[in-house]
Structure formats: structure tokens, C-alpha cells
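Just so you know, ligand 1 is whichever comes first in the structure, and atom 1 is the first atom listed for that ligand.
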Amino acid sequence: MTGANSTAQQTPACISDAELFMDELLEDPSLAQTREERRRLQLLTAKAEQNCLHCPLLEQCLYDAVVKHEVAGYCAGTTQRQRQLIRHRLNWRVEGENLDIFAGVHSGHQIDHDEVLRLRQANPTDSLESIALRLGCSLSTVKRHLRKERRGESIGRVKLAPVSPSVEQVMAAYQDVMGVREQGRRAA
Ligand code: SF4
């Protein structure tokens, strides 16, 4: 009995209460269109947040979800949007993230200059075609970005962080983003 209880205590809520974390509104908040749906989303988010805040795995879970993988839906006490904001503060991106969000681009497909360089540096033996494929753009676009860099043309963008952020940096950015959110709530 004791063993079963201690196992249950160690099981993270996202597994023991998978139904909550996999609710379609938490997975995709844009589905909350009506007042009732938005209200329900708020309740679901608050419940998931409480679970995550009491989870012993929170720090590692947040680090992985911010630095290593793009995770859909609610995870580690954060929404997908909040994790993007945390990465933005850390000047960090992960594969699969929408690179256009912080450029304010809502239509078309804008390629991020820093991402082209990062992929090139990370995969020096890959062909430019394969980099273009991964970015979902044409070969000429990749070449154009690399030419710009060789010529030292200014792109007016901040360089990506050269090394992975530390756990402390991620936690500080998390506090920052969640603090901003709380201020926003109070101001609303
Ligand atoms: S912090 Fe991570 S592991 Fe823990 S309940 Fe939340 S999503 Fe699951």
C-alpha cells in the first residue's frame, strides 16, 4: 500500500490527470471563442498551473520545454505562448517554433536570418538544399542570407545566444514573463 501511494505521489499530474492536460482547449487556446469556452479555458489553465507549481519536476520540465523541444499545449506551468516569450528573453529558439511570431508577421513566410546562420553553423557539412528544406524556403533564400552575412550587411537583429541558456537563466526569464503576466492581469 505504502509503495503504491509513494508511486502515485511521484507520478506527475500531466500523467495522472492526462485528461486535463490533453483537453483540446489547453492544447489549442485559440479554440476558446465563446465567453463560456474562455471561462472554461481559464479554469483549466488555473488547475493545470496549480498541478505544475506543485510538481517536483517543474524546473527540469520547464528547462526542457523551453530549451530543448517545442511542446504543444500547457506544460511546466506555462502556455505555449509564454514559453515563446521566455525564449525570446533568452534569445533562444528551438526547432519547430514559429520564427515569425516576434517579427510581427502574420501572413506569408518570413525566414529568420539568425536561424539560417545557426543551422549553417550547426550543420557545416549539410548541403544548402537540406538547410533550405528544413527552413521551408528556397535555396536562393538561404544563399541570400549567407551572402548578406559574408558581406557584413546589417540586418538589425540580435544574434542568437551561442550556448544553451542555464537553468538559472531559464528560471529568471520564467519569473520575468509570469511577473509581466500578473501585472497585466492586475492592470486589466
Ligand atoms: S511540471 Fe511538467 S512534469 Fe510536472 S505536471 Fe507540469 S507538465 Fe507534468
**E24 backbone acceptor or donor facing D28 side chain under 3.5 Å** = no
**Request:** For D23, check side chain to side chain donor-acceptor pair (under 3.5 Å) against everything at least two apart and list the hits.
**Result:** R40
**Message:** Short of 2.8 Å from atom 6 (Fe) of ligand 1, name each protein N/O/S atom, waters not counted.
**Reply:** C52 SG
**Message:** Any non-hydrogen side-chain atom of R120 less than 4.5 Å from a side-chain atom of L128?
**Reply:** yes
**Asked** Hey, does F21 have a side-chain heavy atom less than 4.5 Å from the side chain of P12?
**Response** no
**Asked** How close do L26 and L20 get, heavy atom to heavy atom, and via which atoms?
**Response** CD1-O, 3.3 Å
**Message:** Could you see if L53 belongs to whatever hydrophobic cluster contains M171? Use Ile, Leu, Val, Met, Phe, Trp, Tyr and a side-chain cutoff under 4.5 Å.
**Reply:** yes
